[in-house]
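Proteins get letters first, then strands, A, B, ... in listed order; numbering begins at 1 in each.
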Amino acid sequence: MIILDGLNPAQREAVEAVEGPVLILAGAGSGKTRALTHRIAYLIEGKGVDPASVLALTFTNKAAGEMKERVERLLGRSGRGMWVGTFHSVCARILRAEAEHVGLDRNFAIYDSNDQLTLVRRAISALEVSDRQYPPAQVRGRISRAKNAMVGPAEFARSAGNIYEQTVAKVYQHYQREIRRSNALDFDDLIVEPVHLFQEHPEVLARYRERFRFLMIDEYQDTNRPQYLLTKLIADGRRNICCVGDDDQSIYRFRGADLRNILDFERDYPEAKVIRLEQNYRSTQTILDAGNAVISHNKGRKGKTLWTERTGGEKVVLFRCANEREEARAILDAVRTLRGTAGRTLRDFALLYRTNAQSRALEDEFRRAAVPYVIVGGLRFYERKEIKDILAYLRVAANPRDGVSLRRVVNVPRRGIGDQSLAKVEDFAFAERITPLEAMGRAEEIEGLGAKVRGAMQRFHALVRGLTEEKDQVSIHRLTEAVLEQTGYLEAVREEEGTVEAESRVENVRELLSAMEEFSERAEDPSLDAFLREVALVSDVDQWDSRADVVTLMTLHSAKGLEFPVVFIGGLEDGLFPISRMAENPEDLEEERRLFYVGITRAKERLFLSYAMDRRRYGSSGESHPSRFLGEIPEPLIERRMPGMFEVEKQSRVTGHGSQEAVTGQRTLDPRLVTRDTRPRSGEVSGAFDFEDTLPFNVGNWVIHPTLGRGQIREKDGVGPETKLTIRFDTGATKKIIIKYASLEPA
DNA sequence: CTCTCGCCTGTTTTT
DNA sequence: CAGGCGAGAG
């Protein structure tokens, strides 16, 4: 059978074990997705299983999309009908279908962590609790943790031991009441509610068990308690559950992920078959050795050792840098040097870091050098102010009960409806048992409002009413244009700020409009409701386009599941990685180590690590020390370098005359011998060079891997991928340099 | 109700 | 150092 071809014995076993519980322990780069997709294909094609009875759960839309695509590639259209999606999107789908059992309207809103925070703040102020003693972010964290432990407000209140907890309990209660009144769910509810639904409605559960006879879960090590319960509830029907994961790559403990789910799989399913995928197809032996060595310092593991047939490989390069700026330059230099060698283009490079803030220094250098890059993560597109504003209008139109969104836009752009007036509206709404939006429609009846405010409220009410009526009649794109026109949003933005900021905002709104058009063309269900649901559940990595030829910058967390020929991991300093708060508790430290392991194992060919001896942390600078994790990599695997030292890779050659040795092949040059063009140029190779810096230099489209001393170009010969230069140095030596470089365009 | 200024606080990671 | 938030004035 074609589906079984090209699989190694372990993968094959994973594919063929379709009945009963199966745990696939899949090491990094071991062909996990391959095994999973082939397994699904085998089920459908080989075993004649109806695609509609297959449910595959992932953590990111990207992973889900990839899985779907690859199964379809194997099966053609016959894979249609299976459910492949993230936990969150599948749950949203189930809740929508079963809304009446949950006490929600089908068009419920999904609140992200920012919306949550707004709601927590409101609860705190409504309860007249001090937000200094109870920082909203912290309280939100407590509520989220409670939800992930399946503890509701009532139970939380019962078990609250001290004043602090009792107060949090009150906020939690208020929060939960408000979010329900808003016909909304937060990310945690999205998973928790289906669990409740299944627990309380056996007949509903039975329906889903009947439907999903084959359950597959990717990244099982990252499941939290509600996710675990959810899968267990469904799987306990037919017990055809296949979990794929790697305990060494569990990095979401802070989000409630519970490593015990994977470690105790065999206890939950005693008849389980456990399959280990240990052959790595991604990395060189050296990189794998480094990774294995690091992760072996962890205690709580299932234990497995990755191996590869690809022996050897370049050593792991470690840069010791004076500060973060020098670190950024060292990385930039390495990218420029390696670019073009071995056919590498910019998309082959990934710069990984522990915290988003670290991207700044890298960004500065790359921007200055005009090397194109993308940053994944940080502030997401859909979290930008202007985008959230527009979306909030749409969310209110879709779900008029959405209180958080209503508050967000009621006075944006300014309409003169402030907190005072809004409070009166809310009191009135509460007394009349109507929504605040409806209350605004009846502004005439509300006492103590000025005539102006009343008018503004009625106009606002009419605006939203109009949108609600139109929302299913016109495309989301048209609807959004209506919002922009009727609110004068863009004009207001332009007026408010200096043109620089404002223009980029306007630009972002345009981007939103085109994203909507794209959605309308692509989506099965192009409705506003569907769009809002998708938007609430996309992450930045989902949108990352691996085809663009640019360097990728992202956090180690975002990098999970991806691979790159060349990987840089920066900021390997104690206190930053591992982050100081995580270094105190052994379990947290192990998680940091797993994160490092994830980073290392993203690399296929080359791995560069770096640390700075002085790192600025909020403004002030401070002395840093190399990360303890560095000491866990065996010394023979490491090549230590100073920034500015670079390698002349095999394709570039410098031939010497006179006293200079020919430099061929790969070696490291003394930084003093290296140079940089100090003048701006535009394609013409000529003139004098100042050989005093320590970096390779650009001449037009070329990068010259430098030589020594000071000198001038005497001759040049050839254009295209190979140019010969003759340089006469001040020392009297003459050098011929052959430049071979496959730069694409002047960056 | 809006705006401005200045203080303060925080950087862990995200569906 | 930055962005967010509160206080106080117009």
Side-chain angles (χ1 to χ4, degrees), chain A residues 57-64 85-92 110-114 116-118 121 125 131-132 135-138 140-141 144 147-148 185-192 218-219 222-224 226-227 250-257 352-361 376-380 382-383 385 410-423 449-450 452-453 456 496 533-542 554-560 571 575-583 588 591-592 594-596 598-599 615-621:
Chain A
L57 295 167
T58 65
F59 276 85
T60 66
N61 293 294
K62 193 178 179 60
T86 63
F87 270 98
H88 294 268
S89 66
V90 166
C91 285
I110 296 169
Y111 279 1
D112 69 13
S113 26
N114 270 316
Q116 277 184 59
L117 202 56
T118 313
R121 278 207 191 95
S125 82
D131 61 355
R132 292 187 60 82
Q138 207 177 88
R140 180 194 57 188
S144 179
K147 288 189 174 186
N148 282 320
L185 297 168
D186 61 30
F187 282 139
D188 300 317
D189 292 335
L190 226 36
I191 314 287
V192 169
D218 193 15
E219 309 279 15
D222 287 329
T223 50
N224 61 22
Q227 285 161 337
S250 167
I251 55 174
Y252 286 112
R253 208 164 89 94
F254 70 91
R255 195 166 83 184
L352 310 180
Y353 36 78
R354 178 66 239 261
T355 67
N356 277 307
Q358 286 167 258
S359 70
R360 193 115 183 192
V376 177
L379 61 151
R380 286 195 249 307
Y382 289 110
E383 279 173 17
K385 182 183 176 302
V410 70
N411 204 25
V412 176
R414 304 261 131 75
R415 310 187 161 84
I417 304 174
D419 276 348
Q420 297 288 319
S421 315
L422 210 54
L449 288 181
K452 260 184 170 171
V453 178
E496 259 177 42
R533 246 173 298 130
E534 170 163 308
V535 161
L537 298 175
V538 289
S539 74
D540 232 39
V541 211
D542 295 332
M554 63 178 136
T555 62
L556 288 147
H557 282 87
S558 299
K560 198 172 74 157
L576 183 60
F577 193 16
I579 276 187
S580 39
R581 304 155 69 166
M582 300 290 273
D588 286 336
E591 172 130 328
E592 292 283 291
R594 287 193 292 268
L595 191 57
F596 187 36
V598 166
R615 182 162 307 261
R616 299 175 85 78
R617 284 184 103 166
Y618 16 72
S620 58
S621 65

Taking only N and O in the side chain of [X], is any of them less than 4.0 Å away from OP1 or OP2 of [N]?
| X | N | value |
| --- | --- | --- |
| A:Asn356 | B:dT13 | yes |
| A:Ser89 | B:dT15 | no |
| A:Ser113 | B:dT15 | no |
| A:Arg581 | B:dT12 | yes |
| A:Ser558 | B:dT13 | no |

Would you mind classifying the nucleic acid contact of [X] as base, sugar-phosphate or nothing, using non-hydrogen atoms under 4.0 angstrom?
| X | result |
| --- | --- |
| A:Ile417 | sugar-phosphate |
| A:Glu591 | nothing |
| A:Asp419 | sugar-phosphate |

Of the nucleotides [options], which has the atom closest to the [X] side chain?
| X | options | value |
| --- | --- | --- |
| A:Phe254 | B:dT14, B:dT15, B:dT12 | B:dT14 |
| A:Ser421 | B:dC1, B:dT15, B:dT14 | B:dC1 |
| A:His557 | B:dT13, B:dT15, B:dC1 | B:dT13 |
| A:Thr86 | B:dT15, B:dT12, B:dT2 | B:dT15 |
| A:Arg360 | C:dA2, B:dC1, B:dT13 | C:dA2 |

Pairwise N/O distances under 3.5 Å, protein to nucleotides 3-8 of chain B:
| from | atom 1 | to | atom 2 | distance (Å) |
| --- | --- | --- | --- | --- |
| B:dC3 | OP1 | A:Arg414 | NH1 | 3.4 |
| B:dC3 | OP2 | A:Arg414 | NH1 | 2.4 |

Under 3.5 Å, N/O pairs linking protein and nucleotides 4-10 of chain C:
| from | atom 1 | to | atom 2 | distance (Å) |
| --- | --- | --- | --- | --- |
| C:dC5 | OP1 | A:Arg121 | NH2 | 3.1 |

Please report, rounded to the nearest Å, how far the [atom2] atom of [N] is from the [atom1] atom of [X].
| X | N | atom1 | atom2 | answer |
| --- | --- | --- | --- | --- |
| A:Arg615 | C:dC1 | CZ | P | 17 Å |
| A:Arg415 | B:dT2 | CZ | P | 11 Å |
| A:Arg594 | B:dT13 | CZ | P | 18 Å |
| A:Leu352 | B:dT14 | CG | C1' | 16 Å |
| A:Phe187 | B:dT15 | CZ | P | 8 Å |
| A:Arg253 | B:dT15 | CZ | P | 20 Å |

Exercise: identify the closest heavy-atom pair between A:Thr355 and A:Thr555: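 Smallest interatomic distance, heavy atoms only, reads C-CG2, 4.5 Å.
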Name the residue closer to the 5' end of DNA chain B, choosing between A:Tyr252 and A:Asn411 according to the nucleotide with the nearest heavy atom.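 Residue closer to the 5' terminus by nearest nucleotide: A:Asn411.
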Residue mapping more 5' on DNA chain B - nearest nucleotide basis, A:Gly418 or A:Leu537: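 Of the two residues, A:Gly418 wins.
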A:Tyr111: what forms a ring pair (Phe, Tyr, Trp, His ring centres under 6.0 Å) with it, not counting sequence neighbours?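 A:Tyr111 satisfies ring pair (Phe, Tyr, Trp, His ring centres under 6.0 Å) with no other residue.
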Relative to each other, are the rings of A:His88 and A:Phe187 parallel, tilted or perpendicular (30° and 60° limits)?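 Aromatic pair A:His88/A:Phe187 classed perpendicular.
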Look at the aromatic rings of A:His557 and A:Phe254 and report parallel, tilted or perpendicular, splitting at 30° and 60°.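 Answer is perpendicular, since the angle exceeds 60°.
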Counterpart residues, salt bridge (charged side-chain N to carboxylate O under 4.0 Å, His left out), relative to [X] (two or more places apart):
| X | answer |
| --- | --- |
| A:Asp218 | A:Lys32 |
| A:Arg594 | A:Glu591 |
| A:Arg253 | A:Glu587, A:Asp588 |

